[in-house]
Enquirer: 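Right, I'll just put the structure down here and ask away after.
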Amino acid sequence: MGTTYEGKLKAEGMTFGIVTSRYNEFITGKLLSGALDAIARHGGSVEQVDVAWVPGSFELPLVVRKLAASGKYHAVIALGAVIRGATTHHEYVAGESAKGIAQAQLETGVPCIYGVVTADTLEQAIERAGTKMPNRGFEAAVSAIEMADLMRQLG
Ligand code: INI
């Protein structure tokens with residue numbers, strides 16, 4: 001068997017960009033706290049984290065791509081909360097934001113992590129912000145650390 005590559009959960013010396021949506025800030029603020037907590041608990045420094053706020057999840061991809069392309073970050077994390085409404089508006093927002101973030105990482109080669117909560121109800125979204133379920137922002141940051149280390153190993 002050849003080499004097995006696996007990212008380690010060590011954030012020491014790593015820099016991160018976080019893009020957070022202001023829409024549903026009640027949820028996204030908790031995701032941001034969770035992401036910063038994960039970075040600190042894995043040996044990273046919050047001094048090495050830059051945070052950019054955007055109006056809504058639809059705007060995440062553009063700023064994620066800009067930060068990823070800057071070459072300043074080992075990984076970029078997108079945080080948002082899309083909650084089902086009475087119309088189909090949320091479907092377009094969630095779909096475009098996922099597509100755009102995936103495109104940003106493929107175009108730049110920098111891991112861009114999708115930390116967007118998609119929920120049918122406000123209650124479900126609250127659960128995913130760290131009440132009944134793990135904080136999605138914390139999980140997104142752990143994925144960012146793992147991917148950043150894996151990309152470093154792969155060279
Ligand atoms: N933005 C969100 O982040 N979450 C939502 O649930 C949401 N809904 O349902 O409308 C939402 N809309 C705003 C959107 O992201 C853009 O900011 C807006 O369309 C301007 O481009």
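Computed from a predicted structure; not experimentally measured. Indexing begins at 1, ligand by ligand and atom by atom, following the structure's order.
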Enquirer: What is the distance from atom CD of Glu91 to atom NE2 of His89, rounded to the nearest 0.5 Å?
Expert: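 Separation between the atoms: 11.5 Å.
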
Enquirer: Let me confirm one number: the CG-CD1 distance from Leu60 to Ile101, rounded to the nearest 0.5 Å.
Expert: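 One gets 5.0 Å once the value is rounded to the nearest 0.5 Å.
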
Enquirer: Would you say Ala81 contacts ligand 1, with heavy atoms under 4.0 Å as the rule?
Expert: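 Checking ligand 1 against Ala81, which is what was asked, there is a heavy-atom contact under 4.0 Å.
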
Enquirer: Do any N/O atoms on Phe58 end up under 3.5 angstrom from N/O atoms on ligand 1?
Expert: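 Yes; at least one N/O pair falls below 3.5 Å.
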
Enquirer: Which ligand 1 atoms, with their elements, are less than 4.0 angstrom from a heavy-atom of Asn24?
Expert: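 Matching atoms, with element in brackets: 4 (N), 5 (C), 6 (O).
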
Enquirer: So which bit of Val82 gets within less than 4.0 Å of ligand 1, heavy atoms only: side chain, backbone, both or neither?
Expert: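 The answer is both.
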
Enquirer: Counting only heavy atoms, which portion of Ser57 has something under 4.0 Å from ligand 1: side chain, backbone, both, or neither?
Expert: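 Contact part for Ser57 vs ligand 1: both backbone and side chain.
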
Enquirer: What residue and atom, counting heavy atoms only, is the protein's closest point to atom 6 (O) of ligand 1, and at what distance?
Expert: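 Ranking protein heavy atoms by distance from atom 6 (O) of ligand 1, first comes Ile83 N, 3.0 Å.
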
Enquirer: Report the part of Val54 (side chain from C-beta onward, or backbone N, CA, C, O) that has a heavy atom under 4.0 Å from ligand 1; answer both or neither where that applies.
Expert: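 The answer is neither; Val54 stays 4.0 Å or more away.
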
Enquirer: Applying the side-chain contact (heavy atoms from CB on, under 4.5 Å) criterion to Trp53, which one of Leu79, Val63, Val19, Thr28 satisfies it?
Expert: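 Exactly one option meets the side-chain contact (heavy atoms from CB on, under 4.5 Å) with Trp53, and it is Thr28.
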
Enquirer: Looking only at heavy atoms of Ser21, does any of them come nearer than 4.0 Å to an atom of ligand 1?
Expert: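 The answer is yes, since Ser21 has a heavy atom less than 4.0 Å from ligand 1.
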
Enquirer: What I want to check is whether the side chains of Asp149 and Gln153 have a donor and an acceptor closer together than 3.5 Å.
Expert: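 Distance-only check passes for Asp149 and Gln153.
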
Enquirer: Per the side-chain contact (heavy atoms from CB on, under 4.5 Å) rule, which among Val117, Asp37, Leu31, Leu32 passes with Asn135?
Expert: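 Answer after filtering Val117, Asp37, Leu31, Leu32: Leu31.
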
Enquirer: Could you list the atoms of ligand 1 found under 4.0 angstrom from a heavy atom of Gly56?
Expert: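 Here the atoms of ligand 1 in question are 3 (O), 15 (O), 17 (O).
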
Enquirer: Can you tell me how far apart CD (Glu146) and CG (Leu9) are? Round to the nearest 0.5 Å.
Expert: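 Reported value, rounded in 0.5 Å steps: 5.5 Å.
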
Enquirer: Looking at Val76, Ile113, Leu36, Leu67, which one forms a side-chain contact (heavy atoms from CB on, under 4.5 Å) with Ile18?
Expert: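 For Ile18, the side-chain contact (heavy atoms from CB on, under 4.5 Å) test succeeds with only one of Val76, Ile113, Leu36, Leu67, which is Leu36.
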
Enquirer: For atom 12 (N) of ligand 1, find the nearest protein heavy atom and state the residue, atom name and distance (0.1 Å precision).
Expert: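 I find the closest protein heavy atom is Tyr23 CE1, 3.6 Å.
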
Enquirer: Tell me: protein heavy atom nearest atom 16 (C) of ligand 1, and distance?
Expert: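 Nearest neighbour among protein heavy atoms for atom 16 (C) of ligand 1, to 0.1 Å: Glu59 OE1, 3.3 Å.
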
Enquirer: Kindly give the heavy-atom pair with the smallest separation between Ala141 and Ala38, and that separation in Å.
Expert: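 Ala141 and Ala38 have their closest heavy atoms at CB-CB, 3.7 Å.
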
Enquirer: Nearest protein heavy atom to atom 10 (O) of ligand 1, by residue and atom, and its distance?
Expert: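 Of every protein heavy atom, His89 CD2, 2.9 Å lies nearest to atom 10 (O) of ligand 1.
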
